[in-house]
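Letters A, B, ... mirror the listed sequences (proteins, then strands); counts begin at 1.
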2 protein chains.
Amino acid sequence: MTTEPLITVDSDQPVPPYVQIRDQIADLVSTGSLTAGTRLPPVRQLAADLGLATGTVARAYQELEATGHLETRRGGGTRVAPHHGKRRADVLRQHAEDFATTMRRLGVTHDEALAAVSTAFTTALPRR
Amino acid sequence: MTTEPLITVDSDQPVPPYVQIRDQIADLVSTGSLTAGTRLPPVRQLAADLGLATGTVARAYQELEATGHLETRRGGGTRVAPHHGKRRADVLRQHAEDFATTMRRLGVTHDEALAAVSTAFTTALPRR
DNA sequence: CGACTTGTATCAAGGCCTTGGTGCAAGGGT
DNA sequence: ACCCTTGCACCAAGGCCTTGATACAAGTCG
């Protein structure tokens with residue numbers, strides 16, 4: 001058997017393929033599973049592997065470049081962008097702010113929110 | 001001029017009207033702005049006020065009943081459900097778990113996450 | 001410098017979701 | 001018991017988003 005496929009797409013899921021690809025790669029980059037400079041398969045190859053059109057994969061790559069996850073050069077391929085350290089911090093802060101905003105909207109206090117997160121962290125069982 | 005409209009819909013926004021209605025009411029209930037037993041306008045009236053079809057408002061009410069925010073009785077109107085205290089706790093826990101899951105996925109530590117939330121809470125400026 | 005690799009642009013086709021409008025059913029209030 | 005209020009179901013119309021396929025442009029590498 002070949003190497004485990006980097007990306008998989010489940011057509012049963014309601015979320016469109018290009019989003020699945022985008023989010024999966026974003027995760028791999030954010031978690032460090034894909035290090036800076038790592039080259040990704042060309043759009044045609046990945047599209048062929050997944051049974052999709054090139055434009056679909058291209059859209060995923062494109063949005064990932066816009067968010068700073070990837071860097072692309074025509075003829076040179078697509079690679080993981082170098083500054084993902086700083087980006088992770090931004091992503092973390094963004095998530096924290098969204099969470100805080102939601103909590104305030106619900107009328108949850110600072111301490112209450114922290115306690116909930118702490119509990120969730122220890123309890124946290126992956127539910128996927 | 002009449003009383004401040006409880007709900008408003010902005011057709012320019014990309015999010016569909018029924019979602020806008022649903023989320024706004026959900027917020028009002030969660031924050032306690034609408035207390036248990038408070039009666040909401042009939043679907044026809046709210047629809048007329050907003051320039052929408054009855055079915056659109058009905059859908060919002062329906063989903064809110066499914067999530068436990070509201071209770072509806074034909075002929076009796078739609079009212080805020082009584083147990084929103086317990087519900088708020090559930091919602092809080094759910095958000096906390098989602099946040100924790102995301103943080104783990106990003107490889108963020110327990111302490112790091114708590115610090116980020118704490119910071120976000122003090123910084124948090126409403127962004128609407 | 002030239003052929004090849006790779007991402008990009010474009011446009012039509014298809015599907016999914018949302019909305020309007022109308023008629024119906026259930027329950028409330030007098 | 002009756003009439004009225006109110007939510008619900010249904011169905012067709014319209015719009016937005018996504019996809020496929022193909023042709024094109026821009027770099028790369030020998």
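Listed nucleotides: C:dG20, C:dT18, C:dG7. Nearest to the side chain of B:L52: C:dG20. When distances are taken from the side chain of B:R74 to each of C:dA25, D:dG20, D:dA25, the shortest belongs to C:dA25. Of the candidate nucleotides C:dT19, D:dG7, C:dG7, C:dT19 has the atom lying nearest to any side-chain atom of B:T56.
Each of A:P14 and A:P41 lies near DNA chain C, and the nucleotide nearest A:P41 is the one positioned closer to the 5' end. Mapped onto DNA chain C by nearest heavy atom, A:T72 and B:P17 fall at different nucleotides, with A:T72 at the one closer to the 5' end. Of the residues near DNA chain D, A:R79 and A:V19, the one whose nearest nucleotide (by heavy atom distance) lies more toward the 5' end is A:V19. Heavy-atom distances to DNA chain D give each of A:R73 and B:Y61 a nearest nucleotide, and the one nearer the 5′ end belongs to B:Y61.
To the nearest angstrom, P of D:dT6 lies 18 Å from CD of B:E71.
Between B:F121 and A:H110, the two ring planes are perpendicular [angle over 60°; tilted spans 30° to 60°].
A donor N or O paired with an acceptor N or O is found under 3.5 Å between the base of D:dG7 and the side-chain atoms of B:R44.
Side-chain atoms of B:Q94 and B:D90 form no donor-acceptor pair, as typed in the model, at a separation below 3.5 Å.
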- Go through B:E71 and B:R79 one step at a time and tell me if the salt bridge (charged side-chain N to carboxylate O under 4.0 Å, His left out) criterion holds. CA-CA 5 Å; B:E71 282 182 353; B:R79 297 171 184 277; over 6 Å; no

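Residue-level contact check: B:T54 touches the bases, meaning some heavy atom is under 4.0 Å from a base atom.
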